[in-house]
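Below: the structure, in structure tokens.
Chain A is the first sequence line, chain B the second, and so forth, proteins listed ahead of strands; every chain is numbered from 1. Note that these values count all heavy atoms, side chains included, but never hydrogens, waters or copies made by symmetry.
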Number of protein chains: 2
Amino acid sequence: MRAVCMPDGLSAEELSRLDEIICLSRRVSRGEALYRSGDTFSNLYAVRAGSFKTVVTHDDGREQVTGFAIAGEPLGLDGISDESHGCDAIALEDSIVCVIPFHLLEMLCRESRAVQRHVHRMMSSEIVRESALMMLLGNMRADERVATFLLGLSKRLEARGYSASEFNLRMTRDELGSYLGMKLETVSRTFSKLQRQALISTQGKSVRLLDTDGLRRV
Amino acid sequence: MRAVCMPDGLSAEELSRLDEIICLSRRVSRGEALYRSGDTFSNLYAVRAGSFKTVVTHDDGREQVTGFAIAGEPLGLDGISDESHGCDAIALEDSIVCVIPFHLLEMLCRESRAVQRHVHRMMSSEIVRESALMMLLGNMRADERVATFLLGLSKRLEARGYSASEFNLRMTRDELGSYLGMKLETVSRTFSKLQRQALISTQGKSVRLLDTDGLRRV
DNA sequence: CGCATCGTTGAATTCGATCAAAGAAGGTGG
DNA sequence: CCACCTTCTTTGATCGAATTCAACGATGCG
């Protein structure tokens with residue numbers, strides 16, 4: 001698991017130093033917040049089991065889901081800039097996270113080039129991830145959005161050792177719609193449409209990808 | 001200028017070390033690329049004069065403007081994750097940037113807690129900035145998007161010592177539309193509408209904010 | 001000065017939102 | 001363990017905002 005959060009290129013000693021600081025893990029039950037917007041930032045997290053959504057609340061009360069994190073993925077990077085979190089991280093199911101005290105990680109960064117590089121990459125990946133999402137929100141039509149989301153999730157699941165073609169969505173249609181910038185009804189209709197086109201088959205939250213090339217062509 | 005890119009909390013020595021590594025500046029003329037997607041990442045940049053857009057090109061050739069950088073703002077953070085840039089940075093007018101070799105900055109990070117913190121904040125701010133943009137793209141209607149953009153730009157200009165209420169847009173309606181997830185005609189219509197509502201006055205690229213509270217209420 | 005790019009406006013169309021209602025799933029307490 | 005209630009999902013009908021297509025006017029660069 002640590003290898004997942006903190007990949008290759010680290011020496012045995014660096015890994016053991018990492019082990020020392022990631023001593024704590026925390027359970028978060030379904031619907032509970034790992035952290036909330038405004039909370040003081042002190043830890044990064046890595047999802048060990050389960051999944052989360054991150055939600056930004058706008059001044060006027062409108063909410064938007066800005067991401068989903070599955071096992072093996074980092075959480076909390078948004079908090080670094082001003083020492084407080086900018087979003088809520090809510091468990092979509094009973095979950096467990098590794099707690100990584102950020103000041104210790106920073107310390108390690110100063111000692112190890114490899115650790116430093118890894119942390120920088122994690123943060124920059126987040127920036128790249130969001131660029132892709134902006135493209136989705138800015139340019140794509142409903143069915144392209146859903147297809148892109150499914151292909152992306154499939155890839156992430158595969159990278160973690162799960163099936164790439166058959167999986168359960170942990171979020172509701174409403175949460176997915178919020179993430180993809182569309183209403184829950186449109187999400188539902190789009191699933192039905194993709195199923196009619198024999199690109200996927202769905203049954204509630206369980207999804208099977210039938211024709212990934214077709215999905216890519218949208 | 002360096003104080004703008006690299007703010008407070010740094011000791012005299014840290015500042016002078018920074019000075020040493022930011023020795024180079026580079027001119028980029030209008031329409032020219034500072035870097036392109038795929039270019040090897042080796043430097044961060046800070047806009048010293050002028051302005052830039054960053055553009056992501058999708059697999060299928062569609063392009064999206066993902067940001068605008070004005071004087072005093074950093075550029076190139078997207079490249080850190082995989083050592084190559086993920087977007088093009090194109091000058092909107094003849095511009096000058098400070099060149100910050102990233103490996104030197106990394107070195108400095110390892111030596112100085114304050115520098116490290118500043119770099120982390122810069123990266124995390126980028127993440128937060130993109131969250132806000134996602135909210136805009138996902139949830140807002142055309143006039144809200146334009147109003148939000150104008151208020152945000154006004155604030156950034158003010159922070160750099162320019163007028164908050166009167167400025168020239170450096171980008172075309174098309175580029176702005178790409179950024180805001182709408183067509184150039186819609187951008188144009190929206191400007192006209194806001195002008196009819198006496199919230200702004202525009203004349204081509206020059207904009208004056210007449211009623212910022214009104215704009216905030218959308 | 002002329003040509004190309006950029007901006008504005010109008011009319012028709014389309015896609016997704018909204019309103020509405022009914023059916024499925026899931027968790028809780030009796 | 002089942003019934004009930006809540007939450008979630010699906011589907012239909014209508015509506016509205018933004019896109020598309022089109023034409024013209026303005027701007028600015030070479």
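A straight line from CE of A/Met140 to P of D/dT19 spans 16 Å, rounded to a whole angstrom. Atom CG in B/Asp174 sits roughly 19 Å away from atom P in C/dA4 (whole-Å rounding). Rounded to an integer number of Å, the gap from B/Asp94 CG to D/dC29 P is 10 Å. The nearest whole Å value for the distance from the CD atom in A/Glu185 to the C1' atom in D/dC15 is 14 Å.
Comparing B/Arg30 and B/Met182, the nucleotide of DNA chain D nearest to each residue sits closer to the 5' end for B/Met182.
Within the 4.0 Å cut-off from OP1 or OP2 of D/dT11, at least one side-chain nitrogen or oxygen of A/Ser192 is found. Look at B/Lys205 and you'll find a side-chain N or O under 4.0 angstrom from OP1 or OP2 of C/dG7. Taking side-chain N and O atoms only, A/Lys183 has a distance below 4.0 Å to OP1 or OP2 of C/dT18. The shortest distance between the side-chain N/O atoms of A/Thr186 and the OP1/OP2 oxygens of C/dA17 is below 4.0 Å.
Under the 4.0 Å criterion applied to side-chain N and carboxylate O atoms, B/Arg62 and A/Glu144 are assigned as salt-bridge partners.
A donor atom on one side chain and an acceptor atom on the other are found under 3.5 Å apart for A/Ser51 and A/Glu93. Residues B/Thr66 and B/Thr54 bring a donor and an acceptor atom of their side chains to less than 3.5 Å of each other.
In this structure, B/Gly181 reaches the sugar-phosphate backbone alone: every heavy-atom distance under 4.0 Å involves primed, P, OP1 or OP2 atoms, never a base. Contacts of A/Thr172 with the nucleic acid, taken as non-hydrogen atoms under 4.0 Å apart, involve only primed sugar atoms and P, OP1 or OP2.
Judged by distance alone with a 3.5 Å cut-off, a donor-acceptor contact links the side chain of A/Arg189 to the base of D/dG12.
In this structure, A/Arg173 satisfies the cation-pi test against A/Phe191, with its NZ or CZ atom closer than 6.0 Å to the six-membered ring centre and inside 45 degrees of the ring normal.
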